[in-house]
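Reading through the structure tokens given below for one structure.
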Protein chains: 2
Amino acid sequence: MRRDLDELINGNSVALRYSDDNSPDDQAKYLIPLEDFFQFGLSVDCVVFGFDGQDIKVLLIKRGVAPYKSYWALPGDLVYPQEDLNGAAQRVLENLTGIREVFMQQIKTFGKVDRHPLGRVLTVAYNALIRVENYEPRAAFWADNVQWHTLSELGDLAFDHNEILAKGVEKLKVRVRNQPLGFELLPVNFTLNQLQKLYEAVLGQPLDKRNFRKKILGMNFLVKLDAKQTKDTRRPAQLYTFDRMRYDELTHRGFNFEL
Amino acid sequence: MRRDLDELINGNSVALRYSDDNSPDDQAKYLIPLEDFFQFGLSVDCVVFGFDGQDIKVLLIKRGVAPYKSYWALPGDLVYPQEDLNGAAQRVLENLTGIREVFMQQIKTFGKVDRHPLGRVLTVAYNALIRVENYEPRAAFWADNVQWHTLSELGDLAFDHNEILAKGVEKLKVRVRNQPLGFELLPVNFTLNQLQKLYEAVLGQPLDKRNFRKKILGMNFLVKLDAKQTKDTRRPAQLYTFDRMRYDELTHRGFNFEL
DNA sequence: CCAAAAGTGTTACCTTTACACCCATGT
DNA sequence: ACATGGGTGTAAAGGTAACACTTTTGG
């Protein structure tokens with residue numbers, strides 16, 4: 001990876017000017033050694049959302065090592081040299097929860113110069129949605145603890161994780177209205193009341209039951225099952241499932257999900 | 001920046017397990033030397049949009065150096081070690097156009113292992129909106145040429161820039177409906193017909209003149225000026241300007257821009 | 001039989017869409 | 001005077017929002 005200056009200039013689009021200076025002499029004084037350009041650290045951090053039937057929760061780890069030892073933090077890790085970003089994010093989640101192929105979307109990249117005390121480490125942040133039923137707590141060896149946290153009860157997190165988390169929540173709120181994300185947080189089979197409670201939790205506002213049902217059923221991608229839920233309810237509730245094939249078909253025809 | 005293994009383990013959240021293995025022996029064989037984690041290159045690439053009154057254009061440079069010599073590419077550059085991401089993006093744009101404080105938004109980070117032939121280089125992509133009136137073409141020394149391109153007439157770009165550009169366009173289309181971005185592409189004073197043409201170009205569909213005006217004027221953040229535009233038109237057209245103060249005030253009160 | 005959650009329609013209101021002609025100016 | 005782009009209102013249709021009672025079960 002180490003290359004000499006000549007290769008650098010020919011091999012990368014390094015700008016040699018900070019200002020309007022144009023003469024070769026001026027350019028020379030702005031040259032920066034190549035090795036400085038391959039000194040970036042890279043991590044991924046995951047904002048992992050779950051839904052307990054009542055509230056949206058975020059999965060945090062308690063750091064067992066410095067820096068920020070014993071602070072709560074978003075689960076994350078450095079990216080391996082031969083690993084794609086998505087792959088790294090999936091690996092973090094699999095190590096933490098045992099779940100493969102978690103639903104994830106990139107949020108944003110955080111790159112402040114001083115965001116990590118040990119050097120220049122960028123982090124690519126991801127939103128991850130998991131079904132809590134499938135989740136089996138497992139603290140990684142570098143963490144003292146793993147726990148679900150309610151959004152309203154968060155203290156100071158490690159690094160710039162408060163900022164990252166806030167951005168993740170913001171994106172979730174926006175995306176949940178334009179994409180069928182909600183289903184990733186519920187059991188595969190769910191009742192309409194569960195679905196409504198989920199949307200109310202994410203959006204932070206109550207929804208009208210009849211209007212909600214009219215709208216969501218009118219979209220024609222929920223399948224009524226031959227089963228009812230009897231636990232946790234008095235009158236048994238009709239179970240539904242999300243038909244992704246049908247959804248994809250509809251969207252390709254120009255249909256637009258919007259709650 | 002270089003640290004030994006012990007510091008690595010204590011100083012960063014490096015996961016030592018790829019799989020479910022837990023014993024210390026198994027862990028050991030997955031250890032990766034620290035220096036590998038600070039070998040990432042980092043660049044920013046800008047999708048620079050302009051509007052010529054008719055079509056949306058993208059500013060591309062023709063690369064003067066390998067790799068991809070003489071391919072068209074998004075303007076971009078490696079990030080300096082002591083420079084924030086936004087700062088790097090602004091620098092690229094200032095070098096290219098002479099404009100400071102360009103309106104920019106992060107699009108996404110592209111990090112495929114093999115996206116850059118010379119090593120592991122991530123790129124953080126930005127959308128930039130500029131007023132073409134202010135732009136004065138200026139090829140950087142590492143570029144043979146700089147030119148506005150129509151979106152429908154693009155060939156194969158360097159690196160993964162076709163993919164990045166497509167993502168930038170997609171984001172622009174979404175955001176222009178939820179945020180008052182359009183005004184960044186027009187002169188400070190503009191006519192409603194110019195504004196409408198802009199939206200039609202971005203969204204790729206014709207809009208009804210009367211409905212468009214009703215809606216946009218109803219939002220109450222356009223200020224009618226005491227001036228008319230007489231060039232390029234028969235009947236002089238009323239000029240308006242975007243009142244950002246008013247807009248911010250409205251949004252803080254719960255108003256929601258949506259076209 | 002009572003408590004608790006499930007389920008179900010109608011109406012008023014607001015937003016969106018469709019649509020056609022007159023106006024001011026330059027040539 | 002005419003060609004060109006600027007400017008204006010209304011009505012029908014569709015979508016959203018408000019609202020209350022009956023049903024089914026477990027205890």
Side-chain angles (χ1 to χ4, degrees), chain A residues 51-55 176-178 182 186-187 189-201 203-241 250 254-259, chain B residues 51-55 176-178 182 186-187 189-201 203-241 250 254-259:
Chain A
F51 180 62
D52 66 0
Q54 207 60 42
D55 296 303
V176 84
R177 303 190 74 127
N178 309 317
L186 290 175
N189 302 335
F190 52 85
T191 70
L192 293 182
N193 285 305
Q194 288 176 307
L195 186 62
Q196 184 180 338
K197 283 236 173 77
L198 168 61
Y199 273 96
E200 290 176 332
L203 301 176
Q205 58 177 330
L207 300 171
D208 181 88
K209 184 158 57 161
R210 282 177 286 192
N211 292 338
F212 178 80
R213 284 165 182 242
K214 228 182 303 170
K215 194 159 195 174
I216 203 88
L217 288 175
M219 292 180 181
N220 283 315
F221 52 68
L222 290 193
V223 180
K224 189 187 274 197
L225 299 173
D226 276 339
K228 306 225 169 192
Q229 182 163 65
T230 50
K231 271 209 311 191
D232 304 329
T233 177
R234 292 304 167 105
R235 175 173 172 181
Q238 179 63 51
L239 284 167
Y240 290 83
T241 196
L250 286 167
F255 158 87
N256 231 328
F257 179 90
E258 212 164 293
L259 190 88
Chain B
F51 180 62
D52 65 359
Q54 207 60 43
D55 295 303
V176 84
R177 304 191 74 131
N178 309 317
L186 289 175
N189 302 336
F190 51 85
T191 70
L192 292 182
N193 285 304
Q194 287 176 309
L195 186 61
Q196 183 180 341
K197 283 235 173 78
L198 169 61
Y199 273 97
E200 290 176 332
L203 301 176
Q205 58 177 333
L207 301 172
D208 180 88
K209 184 160 55 162
R210 281 178 286 193
N211 294 337
F212 178 79
R213 283 165 183 242
K214 228 183 304 170
K215 194 159 196 175
I216 203 87
L217 288 175
M219 291 182 182
N220 283 316
F221 51 69
L222 290 193
V223 180
K224 189 187 276 198
L225 299 172
D226 276 338
K228 306 224 171 193
Q229 183 163 64
T230 50
K231 272 209 309 190
D232 304 329
T233 175
R234 292 304 169 106
R235 174 172 173 179
Q238 179 63 53
L239 284 167
Y240 290 83
T241 196
L250 286 168
F255 159 87
N256 232 329
F257 179 91
E258 211 163 293
L259 190 89

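Letters A, B, ... are given to chains in the order of the sequence lines, protein chains preceding strands, and every chain is numbered from 1.
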Rounded distance [0.5 Å steps], [atom1] in [X] versus [atom2] in [Y]:
X: B:Asn256; Y: B:Leu250; atom1: CG; atom2: CG; value: 11.0 Å
X: B:Gln238; Y: B:Thr191; atom1: CD; atom2: OG1; value: 10.0 Å
X: B:Leu203; Y: B:Leu198; atom1: CG; atom2: CG; value: 8.5 Å

Nearest-Å distance, [atom1] ([X]) to [atom2] ([N])?
X: B:Asp208; N: D:dT8; atom1: CG; atom2: C1'; value: 12 Å
X: B:Lys231; N: D:dG6; atom1: NZ; atom2: C1'; value: 18 Å
X: A:Lys197; N: C:dG7; atom1: NZ; atom2: P; value: 12 Å
X: A:Gln238; N: D:dT24; atom1: CD; atom2: C1'; value: 13 Å
X: A:Phe212; N: C:dG9; atom1: CZ; atom2: P; value: 18 Å
X: B:Gln194; N: D:dG5; atom1: CD; atom2: C1'; value: 13 Å
X: B:Leu192; N: D:dT8; atom1: CG; atom2: P; value: 9 Å
X: A:Arg213; N: D:dA18; atom1: CZ; atom2: P; value: 18 Å

*Do B:Gln229 side-chain atoms and B:Ala237 backbone N/O form a donor-acceptor pair below 3.5 Å?*
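Here the side-chain-to-backbone pair does not exist.
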
*Nucleotide by nucleotide, 5' to 3', does protein get under 4.0 Å of the base (B), only the sugar-phosphate (S), or neither (-) in nucleotides 22-27 of chain C, counting heavy atoms?*
-BBBB-

*Please report the closest heavy-atom contact between B:Tyr240 and B:Leu222, naming both atoms and the distance.*
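So the minimum-distance heavy-atom pair works out to CD2-CB, 4.2 Å.
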
_Looking at every non-hydrogen atom in both residues, tell me the closest pair between A:Gln194 and A:Asn189 and how far apart they are._
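Nearest pair, atom of A:Gln194 first, then A:Asn189: OE1-O, 4.4 Å.
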
*Kindly say whether, by distance alone, the side chain of A:Asn211 makes a donor-acceptor pair under 3.5 Å with the base of D:dA18?*
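Result: at least one qualifying N/O pair found.
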
*Between the base of D:dG7 and the side chain of B:Arg210, is there any donor-acceptor pair under 3.5 Å?*
no

*Inspect the surroundings of CD in A:Gln205 and state if more than 12 heavy atoms from other residues, nucleotides or ligands are less than 6.0 Å away.*
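Atom CD in A:Gln205 is packed in, count exceeds 12.
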
*asked:* Once you apply a heavy-atom cut-off of 4.0 Å, does B:Asn193 come out as touching a base, just sugar-phosphate, or nothing?
replied: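 If one applies the 4.0 Å heavy-atom cut-off, B:Asn193 turns out to touch the sugar-phosphate alone, with no base involved.
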
Just the table, please: protein N/O against nucleotides 14-16 of chain C N/O, every pair under 3.5 Å.
none

*So, do A:Lys228 and A:Leu239 sit near enough that their side-chain heavy atoms are less than 4.5 Å apart?*
no

List the atom pairs, donor and acceptor, that lie under 3.5 Å between side-chain atoms in residues 213-221 of chain B and the rest of the protein, sequence neighbours left out.
from: B:Arg213; atom 1: NH2; to: B:Asn193; atom 2: OD1; distance (Å): 3.4
from: B:Lys214; atom 1: NZ; to: B:Asn211; atom 2: OD1; distance (Å): 3.3
from: B:Asn220; atom 1: ND2; to: B:Gly218; atom 2: O; distance (Å): 3.4

